[in-house]
Amino acid sequence: GFRGTFNDITARKLVELRLNASEGRLHRAMSGSSDGHWEVDLRTGQSFVSARFRELLGYAAESEDPLKHFDPADLQRLVHPDDLQLAQTVHRDHLEKGTPYDLTVRLRCQSGQFRWFRIRGATDRDATGTPNFLAGVLSDVTDLKLAEGELEWHVMHDSLTSLANRQQFLARLT
């Protein structure tokens, strides 16, 4: 004879199917964008950056590099000195006050060159409001920033003489 037990695991299998579907949607969405993904566990300090995040900064997707085991303190090394205070303020205000985590800063790439990036994120908080996770995306906006600079130059300078356009300059001051 045989003896045994049977357990109904239908509910668990349905949860697994929904989780797999959700992960698939997230993967397709991230693959369809040019953004890199990052996440920090604020309780343990452990963090993750996606292969695309590393690629945007010039690192090989799967190589052993400084971003492989990213530490949030590395931001001080990556952020342009002129942008560091803004980055720290946005980070602190988001965690303490819940303000949007959305900033545009220059980051040092593996080549040593600085490029412009937009960093957006959101915090997952527990029932008491304590932040647990901070996660978001990194987008390279260098081409946009260069185009903005060129457009501003054309607005501020007369195209015929290349001299400062006094009317536009004064209008921007008011």
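Scope of the values below: all heavy atoms of this structure, side chains included, with no hydrogens, waters or symmetry mates. Along the sequence shown, the residues carry numbers beginning at 1.
Evaluation of the side-chain hydrogen bond (donor to acceptor under 3.5 Å, both in side chains) rule for Asp102 yields Arg118 as partners, not counting sequence neighbours. With sequence neighbours left out, the side-chain contact (heavy atoms from CB on, under 4.5 Å) criterion links Ala122 to no other residue. Looking at residues two or more places apart in sequence or on another chain, you find a side-chain contact (heavy atoms from CB on, under 4.5 Å) between Gln110 and Tyr59. Residues passing the salt bridge (charged side-chain N to carboxylate O under 4.0 Å, His left out) test with Asp41 are Arg43, sequence neighbours excluded. For Asp8, the side-chain hydrogen bond (donor to acceptor under 3.5 Å, both in side chains) partners at least two apart in sequence or on another chain are Thr10. Residues passing the salt bridge (charged side-chain N to carboxylate O under 4.0 Å, His left out) test with Arg120 are Asp35, sequence neighbours excluded. Shown here are the side-chain contact (heavy atoms from CB on, under 4.5 Å) partners of Pro100, two or more places apart in sequence or in another chain: there are none. Under the rule for a side-chain hydrogen bond (donor to acceptor under 3.5 Å, both in side chains), Thr104 has no partner lying at least two apart in sequence or in another chain. In this view, Asn7 satisfies the side-chain hydrogen bond (donor to acceptor under 3.5 Å, both in side chains) rule with no residue, not counting sequence neighbours.
Among residue pairs with one or both ends in residues 83-97, those qualifying as salt bridge (charged side-chain N to carboxylate O under 4.0 Å, His left out) are Asp83-Arg106, Asp93-Lys97; sequence neighbours excluded. Sorted by first and then second residue, the ring pair (Phe, Tyr, Trp, His ring centres under 6.0 Å) pairs involving residues 109-135 (not counting sequence neighbours) are His80-Phe114. Residue pairs meeting the ring pair (Phe, Tyr, Trp, His ring centres under 6.0 Å) criterion with at least one partner in residues 90-109, sequence neighbours excluded, are Trp38-Tyr101, His91-Tyr101, His94-Tyr101.
Taken from CG in Leu95 to CZ in Arg125, the straight-line distance is 6.5 Å, to the nearest 0.5 Å. Summarising the geometry, atom CG belonging to Asp126 is positioned 11.0 Å from atom CG belonging to Leu42; distances are rounded to the nearest 0.5 Å. How far SG of Cys109 is from CG of Asp140: 7.0 Å, rounded to the nearest 0.5 Å. Distance OG1/Thr89 to CG/Leu84: 9.0 Å, rounded to 0.5 Å. A distance of 10.0 Å separates CZ of Arg52 from CG of Leu57, quoted to the nearest 0.5 Å.
Across all non-hydrogen atoms, the minimal contact from Arg77 to Arg108 is O-NE, 3.8 Å. Taking all atoms of both residues into account, the shortest heavy-atom contact from Thr123 to Pro131 is CG2-CB, 3.3 Å.
Between the Arg54 side chain and the Val49 main chain, a donor and an acceptor come within less than 3.5 Å of each other.
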request  = Tell me, with the steps shown, if Leu107 and Leu138 meet side-chain contact (heavy atoms from CB on, under 4.5 Å).
outcome  = CA-CA 11 Å; Leu107 299 179; Leu138 176 80; 3.8 Å; yes
